[in-house]
Amino acid sequence: MSSTSSRGSPCTGCVSFMDACTRPDMTTPHSFPHSAYCAQISEGYAHLAPGEESGAIVAVAGRVMLLRTQGKLAFATLRDSSGEIQLFALASATEQFEDFARLHLGDWLGVHGEVVRTKRGELSVKVSSWVRLAEAQRNFGDKWAGITDYDLRYRHREADLWANEDTRRSLARRSALTRAVRERCWAAGFTEVETPILNAVPTGAAAKPFVTHHEALGADFYLRIAPELWLKRLVVGGFERVFELGRVFRNEGISPRHNPEFTSLELYAAYWNYQDMMAFTEELVAGAVADVLGTTRLSYQGRELDLAAPWPRVSMAELTSQKVGEAVSVATPRARLVELLDERGVPAHAHWGPGRCLAELFEASAEADLWEPTFVTRYPVEISPLARRDPSEPELTERFEAFVAGRELANGFSELTDPVDQRERFAEQARLGAAGDEEAMRVDEDFIKALEWGLPPTAGLGVGIDRLAMLVADAANIREVIAFPTLKPLAEE
RNA sequence: GCGCCGGUAGCUCAAUUGGCAGAGCAUUUGACUCUUAAUCAACAGGUUCCGGGUUCAAGUCCCGGCCGGCGCACCA
């Protein structure tokens with residue numbers, strides 16, 4: 001990167017000094033030495049009595065949120081990343097008072113002044129000198145109602161953040177959450193890694209990929225739908241505990257719970273099985289939420305929820321049987337499962353075997369009622385091509401999904417380590433693909449080769465970070481916890 | 001992709017049965033030495049999302065399109 005781009009480099013070339021300094025980007029300071037945040041002032045001088053002056057001079061900076069002028073006095077509300085403080089300007093004490101009184105809402109300001117409490121009791125910085133750091137040429141919405149238009153809020157989050165407290169809170173909580181998740185993974189001995197986003201073969205999950213193109217290689221690539229196989233290859237390579245917190249991309253519909261790019265935590269631990277991973281998962285999720293909110297108890301969309309461990313474990317067949325009122329399992333005749341699906345308005349596809357039918361029946365009958373955190377276990381092998389078989393029932397796998405507030409939050413299993421079985425599973429996926437399943441997995445020869453070098457017993461986990469962020473932010477729409485959600489581009493003018 | 005709902009001044013919202021397109025805030029101008037969504041006065045601000053149609057007359061009714069919200073489908 002060039003640090004001497006033409007923009008911001010004063011007085012160069014054939015332009016005279018005076019000309020340069022009247023160009024628009026020369027008229028504001030290039031820095032502002034800043035000594036205090038609003039919140040520090042509020043806390044540090046809370047003891048001042050009305051009318052009292054502290055004698056302390058501070059330099060604060062931020063954005064003008066409100067402005068009240070009264071003849072030879074002016075009051076402004078200044079906000080920075082920590083909070084707000086009132087600015088108190090007087091014609092007799094403030095430089096350029098007339099200009100100060102004509103500031104626009106939204107202007108960025110740097111202020112020097114004394115910390116005082118006004119006669120009416122508001123802690124303030126009594127402005128002696130000030131400088132406008134940036135002009136707001138657009139306003140930030142109604143100063144009472146803010147911005148409510150969803151299109152404007154999502155397309156111009158920078159304005160939404162200034163206008164709406166809820167937006168600031170939601171995105172701050174998301175940031176605190178990802179920090180807590182990272183720190184807990186590090187503390188548990190996991191190494192953070194980064195694996196390719198551009199993939200020649202999209203794999204590791206059942207989803208339609210985005211396609212892109214590399215010019216020099218003359219080859220199409222797919223944006224990753226999951227980092228799963230790369231991470232297991234790192235375990236083969238000797239990284240016994242790895243995790244990646246990153247973006248994955250799935251070419252699917254957008255809804256209040258789905259963004260085409262979303263953030264997942266994927267984590268693998270050698271020598272663990274799925275039971276170990278469930279224990280880790282509930283502690284990780286409950287712990288990270290407590291790190292953000294101070295408690296595992298939260299209110300989501302008006303309903304109480306407690307994420308404290310341990311979470312109940314119940315098998316998919318058991319739970320589904322309860323809900324449909326008769327015993328069902330992967331051994332139930334497919335025709336009966338299809339009937340039960342029909343009764344719930346779910347038409348079975350021709351390529352669905354009994355395992356897929358059972359899983360669909362679970363989703364149609366039980367999933368939405370799983371409000372308190374619950375591990376659903378023992379998924380059919382048919383829908384789990386990367387998971388290890390359950391020794392007691394080879395048509396099932398040592399897999400679990402965690403459900404909270406009626407939604408899937410996490411997915412994990414004992415990893416399939418047998419290259420021969422893995423090749424057969426991929427082959428079965430290929431058959432499903434040929435039969436019309438657009439989301440069937442593809443054969444990944446490099447991954448099979450990796451398994452031939454030897455993957456120790458390993459358990460893996462994937463957590464939908466956006467979904468978890470929705471819980472801690474009490475957000476009904478995933479877009480509320482994504483700074484810049486995917487939107488349909490507006491037509492070019 | 002389908003269905004329902006919405007889009008009016010920079011922002012938040014009104015506009016009766018189809019009958020002159022309005023208010024608050026912001027902006028501009030003026031008054032005001034303790035305000036805090038300050039207040040008061042004045043000026044200005046419009047392709048009613050876009051394109052057709054019906055009608056003497058359309059923000060309003062009809063058709064098509066664009067963008068969004070919710071639901072369904074898909075999915076985590």
Side-chain angles (χ1 to χ4, degrees), chain A residues 50-51 64-78 84-94 97 101-107 116-124 126 136-156 159-160 162-164 205-208 225-226 248-266 345-347 349 359-360 363 367 383 401-404 406-411 437-439 462-468 470 476-480 485 487-493:
Chain A
V64 176
M65 302 309 294
L66 296 168
L67 183 64
R68 302 170 288 280
T69 64
Q70 184 163 342
K72 301 278 193 294
L73 291 180
F75 302 88
T77 301
L78 186 79
E84 297 181 345
I85 193 82
Q86 177 169 274
L87 303 178
F88 176 34
L90 299 90
S92 58
T94 301
F97 175 82
R102 274 198 292 270
L103 284 166
H104 287 182
L105 300 189
D107 284 351
V116 303
R117 192 178 290 283
T118 59
K119 288 180 201 167
R120 292 292 177 89
E122 183 77 15
L123 192 67
S124 307
K126 188 173 153 189
Q137 297 178 14
R138 297 176 178 275
N139 73 19
F140 284 89
D142 187 272
K143 67 186 179 185
W144 186 244
I147 298 173
T148 60
D149 182 76
Y150 288 105
D151 206 40
L152 181 57
R153 289 185 53 229
Y154 296 151
R155 289 185 196 278
H156 289 286
D160 181 32
W162 284 105
N164 295 317
K208 281 179 279 187
I225 57 176
V248 295
F249 308 85
R250 299 190 184 175
N251 207 339
E252 288 151 1
I254 294 174
S255 85
R257 288 162 295 283
H258 301 84
N259 198 59
E261 54 176 306
F262 63 99
T263 300
S264 79
L265 169 71
E266 281 212 17
V346 181
H349 292 158
E360 295 285 341
E363 285 180 24
E367 177 174 345
I383 57 162
E401 288 192 354
F403 291 87
V404 179
R407 297 175 197 156
E408 183 187 341
L409 180 70
N411 174 28
D437 186 346
E438 284 184 89
E439 294 172 349
V463 180
I465 294 297
D466 309 81
R467 294 277 176 85
L468 189 53
M470 289 171 72
N477 192 316
I478 196 169
R479 288 173 159 177
E480 298 296 343
L487 296 171
K488 192 161 181 172
L490 297 176
E492 293 284 328
E493 302 270 322

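Naming: A, B, ... by sequence-line order, numbering from 1 per chain.
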Practice task
Scan every strand shown for a Watson-Crick or G-U wobble partner of C70(B), both distances under 3.5 Å, and answer none if you come up empty.
Solution key: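 G3(B) - that is the nucleotide pairing with C70(B), both distances being under 3.5 Å.
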
Practice task
Quote, to the nearest angstrom, the P distance that separates C63(B) from C5(B).
Solution key: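 Straight-line distance between the two P atoms is 12 Å.
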
Practice task
Go through A76(B), U28(B), C13(B) for me and flag the one nearest to the His104(A) side chain.
Solution key: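 Output: U28(B).
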
Exercise for the section: Could you tell me the separation between the NE2 atom of His156(A) and the C1' atom of C11(B), rounded to a whole number of Å? Expected result: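 Computing the His156(A):NE2 to C11(B):C1' distance gives 14 Å.
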
Handout entry: Of the listed nucleotides A76(B), U12(B), C32(B), the one nearest the side chain of Arg467(A)
Key =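 Comparing A76(B), U12(B), C32(B) against the side chain of Arg467(A), the answer is A76(B).
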
Handout entry: Check: Ile225(A) main-chain N/O paired with Arg250(A) side-chain donor or acceptor under 3.5 Å
Key =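 Between the backbone of Ile225(A) and the side chain of Arg250(A) there is a qualifying donor-acceptor contact (under 3.5 Å).
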
Practice task
Answer with base, sugar-phosphate or nothing: what part of the nucleic acid does Ala207(A) contact at a heavy-atom distance below 4.0 Å?
Solution key: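 Since no nucleic acid heavy atom lies under 4.0 Å of Ala207(A), the category is nothing.
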
Problem - Identity of whatever pairs with C61(B) - Watson-Crick or G-U, under 3.5 angstrom - result: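 Its partner is G53(B).
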
Exercise for the section: Rounded off to whole Å, could you give me the CZ-to-P distance for the Phe262(A) and C74(B) pair? Expected result: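 Between P of C74(B) and CZ of Phe262(A): 17 Å.
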
Handout entry: From G68(B), A37(B), A76(B), nucleotide with atom closest to Ile478(A) side chain
Key =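 Per side-chain heavy atoms of Ile478(A), the pick is A76(B).
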
Nucleotides 4-9 of chain B: which of its N/O atoms have a protein N/O under 3.5 Å away?
none

Exercise for the section: Give a yes or no answer on whether the side chain of Ser124(A) reaches the backbone of Glu122(A) with a donor-acceptor pair at less than 3.5 Å. Expected result: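 Checked: pair present.
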
Exercise for the section: Would you classify Asn477(A) as touching base, sugar-phosphate or nothing, given that sugar-phosphate means primed atoms plus P, OP1 and OP2, and contacts are heavy atoms under 4.0 Å? Expected result: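 Contact class for Asn477(A): sugar-phosphate only.
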
Exercise for the section: Hey, could you give me the CD/CZ distance between Gln86(A) and Arg68(A), rounded to the nearest 0.5 Å? Expected result: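 Reported to 0.5 Å precision, the distance equals 5.0 Å.
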
Practice task
Could you tell me whether the side chain of Asp142(A) has a donor or acceptor atom within less than 3.5 Å of a complementary atom in the base of G24(B)?
Solution key: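 Yes, the side chain and the base share a sub-3.5 Å donor-acceptor pair.
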
Handout entry: Spacing of Leu67(A) atom CG relative to A37(B) atom P, expressed in whole Å
Key =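 These atoms are roughly 14 Å apart.
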
Practice task
Side chain of Glu408(A) only, please: which of C34(B), C32(B), A76(B) is the nearest?
Solution key: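 For Glu408(A), the side-chain atoms sit closest to A76(B).
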
Handout entry: Whole-Å P distance, C40(B) and C20(B)
Key =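 C40(B) and C20(B) have their P atoms separated by 30 Å.
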
Handout entry: Watson-Crick or G-U wobble mate for G30(B), both contacts under 3.5 Å
Key =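 Across all strands, the one nucleotide that pairs with G30(B) is C40(B).
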
Exercise for the section: Could you check whether Tyr154(A) gets within reach of a base, just the sugar-phosphate, or nothing at all, counting any heavy atom under 4.0 Å? Expected result: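 Result for Tyr154(A) = sugar-phosphate.
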
Exercise for the section: Sort out the partner of A9(B) for me: Watson-Crick or G-U wobble, both distances under 3.5 Å, none otherwise. Expected result: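 With both distances under 3.5 Å required, A9(B) matches none.
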
Handout entry: From G68(B), A76(B), C34(B), nucleotide with atom closest to Arg155(A) side chain
Key =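 The answer is G68(B).
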
Exercise for the section: Hey, could you give me the CD/CD1 distance between Glu266(A) and Ile465(A), rounded to the nearest 0.5 Å? Expected result: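 Reported to 0.5 Å precision, the distance equals 11.0 Å.
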
Handout entry: Under 3.5 Å on both distances, the Watson-Crick or G-U partner of G46(B)
Key =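 G46(B) is paired with nothing.
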
Problem - Face-to-face stacking of Tyr150(A) with G69(B), centres under 5.5 angstrom, angle under 30° - result: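 The base of G69(B) is not stacked with Tyr150(A) (the test needs centres under 5.5 Å and planes under 30°).
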
Practice task
Remember a base hit wins even if backbone is also touched, and classify Thr148(A) as base, sugar-phosphate or nothing at under 4.0 Å, heavy atoms.
Solution key: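 Since only primed, P, OP1 and OP2 atoms lie under 4.0 Å of Thr148(A), the category is sugar-phosphate.
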
Exercise for the section: Take Leu123(A) and Ile85(A) through the test side-chain contact (heavy atoms from CB on, under 4.5 Å) and record every step on the way to the result. Expected result: CA-CA 7 Å; Leu123(A) 192 67; Ile85(A) 193 82; 4.2 Å; yes

Handout entry: Nearest-angstrom distance from the residue atom CZ of Arg102(A) to C1' of U28(B)
Key =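 Atom CZ in Arg102(A) sits about 11 Å away from atom C1' in U28(B).
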
Exercise for the section: For G19(B) and C72(B), measure between their P atoms and round to the nearest Å. Expected result: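 After rounding to an integer number of Å, I get 38 Å for this pair.
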
Practice task
Ignoring the backbone of Leu73(A), work out which of C32(B), C34(B), G68(B) is nearest its side chain.
Solution key: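 Per side-chain heavy atoms of Leu73(A), the pick is C34(B).
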
Problem - Glu363(A) vs Arg138(A), nearer the 5' end of RNA chain B by closest nucleotide - result: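 Per heavy-atom nearest nucleotide, the more 5' residue is Arg138(A).
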
Exercise for the section: Just compare A73(B), G68(B), G71(B) and give me whichever is closest to any side-chain atom of Ser255(A). Expected result: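 For Ser255(A), the side-chain atoms sit closest to A73(B).
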
Exercise for the section: May I ask you to say what Asn259(A) touches in the nucleic acid, namely base, sugar-phosphate or nothing, with a heavy-atom cut-off under 4.0 Å? Expected result: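 The residue Asn259(A) makes base contact.
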
Practice task
Would you indicate what Ser124(A) reaches in the nucleic acid, counting non-hydrogen atoms under 4.0 angstrom: base, sugar-phosphate, or nothing?
Solution key: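 Answer is nothing: Ser124(A) stays at 4.0 Å or more from every strand.
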
Exercise for the section: For Leu409(A) and for Lys72(A), find the nucleotide of RNA chain B with the closest heavy atom, then tell me which residue's nucleotide is more 5'. Expected result: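 Nearer the 5' end of the strand: Lys72(A).
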
Handout entry: Contact under 4.0 Å: Gln70(A) side-chain N or O vs U33(B) OP1/OP2
Key =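 It does not, given that no N or O in the side chain of Gln70(A) lies less than 4.0 Å from OP1 or OP2 of U33(B).
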
Practice task
Give Gly464(A) one of three labels, base, sugar-phosphate or nothing, depending on what nucleic acid heavy atoms sit under 4.0 Å from its own.
Solution key: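 Since no nucleic acid heavy atom lies under 4.0 Å of Gly464(A), the category is nothing.
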
Practice task
Quickly work out the Leu105(A) CG to U12(B) P distance and round it to whole Å.
Solution key: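 Atom CG in Leu105(A) sits about 15 Å away from atom P in U12(B).
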
Problem - Interatomic distance where CZ belongs to Arg68(A) and P belongs to A31(B) [whole Å] - result: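 Taking atom P of A31(B) as the reference, CZ of Arg68(A) is at 21 Å.
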
Handout entry: Met65(A) CE to C25(B) P, straight-line distance once rounded to whole Å
Key =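 Value for this atom pair: 18 Å.
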
Practice task
Before accepting this row, confirm whether a basic side-chain N of the pair Glu480(A)/Arg153(A) lies closer than 4.0 Å to the acidic partner's carboxylate O.
Solution key: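 Looking at Glu480(A) and Arg153(A), the cut-off is met.
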
Exercise for the section: Could you tell me whether a side-chain N or O of Asn411(A) sits under 3.5 Å from a main-chain N or O of Gly462(A), the two making a donor and an acceptor? Expected result: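 Not confirmed, Asn411(A) side chain does not pair with Gly462(A) backbone.
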
Exercise for the section: Would you mind telling me which of C72(B), C67(B), C34(B) lies closest to the side-chain atoms of Lys488(A)? Expected result: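 Nearest to the side chain of Lys488(A) among the choices is C67(B).
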
Practice task
Under the side-chain contact (heavy atoms from CB on, under 4.5 Å) rule, what do Leu487(A) and Arg155(A) come out as? Steps first, then yes or no, please.
Solution key: CA-CA 8 Å; Leu487(A) 296 171; Arg155(A) 289 185 196 278; 3.2 Å; yes

Handout entry: Residue Lys143(A), side-chain atoms from C-beta onward, closest of A76(B), A26(B), U27(B)
Key =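 Selected nucleotide: A26(B).
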
Problem - Polar side-chain atom of Asp107(A) near backbone of Ala136(A) as donor-acceptor pair, under 3.5 Å - result: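 Pair found, side chain donor or acceptor close to backbone of Ala136(A).
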
Problem - Gap in Å between the two P atoms, one belonging to G1(B) and one to U17(B), rounded - result: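 So the two P atoms sit 36 Å from each other.
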
Exercise for the section: Would you kindly give the CG-to-P distance between Asn251(A) and C74(B), to the nearest whole Å? Expected result: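 My rounded result for the distance is 16 Å.
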
Problem - Of the listed nucleotides A76(B), G69(B), U12(B), the one nearest the side chain of Arg250(A) - result: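 My answer, after comparing the listed nucleotides, is A76(B).
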
Exercise for the section: Check every strand shown and say whether Gly146(A) touches a base, only sugar-phosphate, or nothing at a heavy-atom separation below 4.0 Å. Expected result: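 The residue Gly146(A) makes sugar-phosphate contact but no base contact.
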
Practice task
Could you tell me whether Gly71(A) contacts a base, only the sugar-phosphate backbone, or nothing, with contacts defined as non-hydrogen atoms closer than 4.0 Å?
Solution key: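 Base contact - Gly71(A) has a heavy atom under 4.0 Å of at least one base atom.
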
Handout entry: OP1 or OP2 of U12(B) under 4.0 Å from side-chain N/O of Asn139(A)
Key =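 Checking Asn139(A) against U12(B): no side-chain N or O falls below 4.0 Å of OP1 or OP2.
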
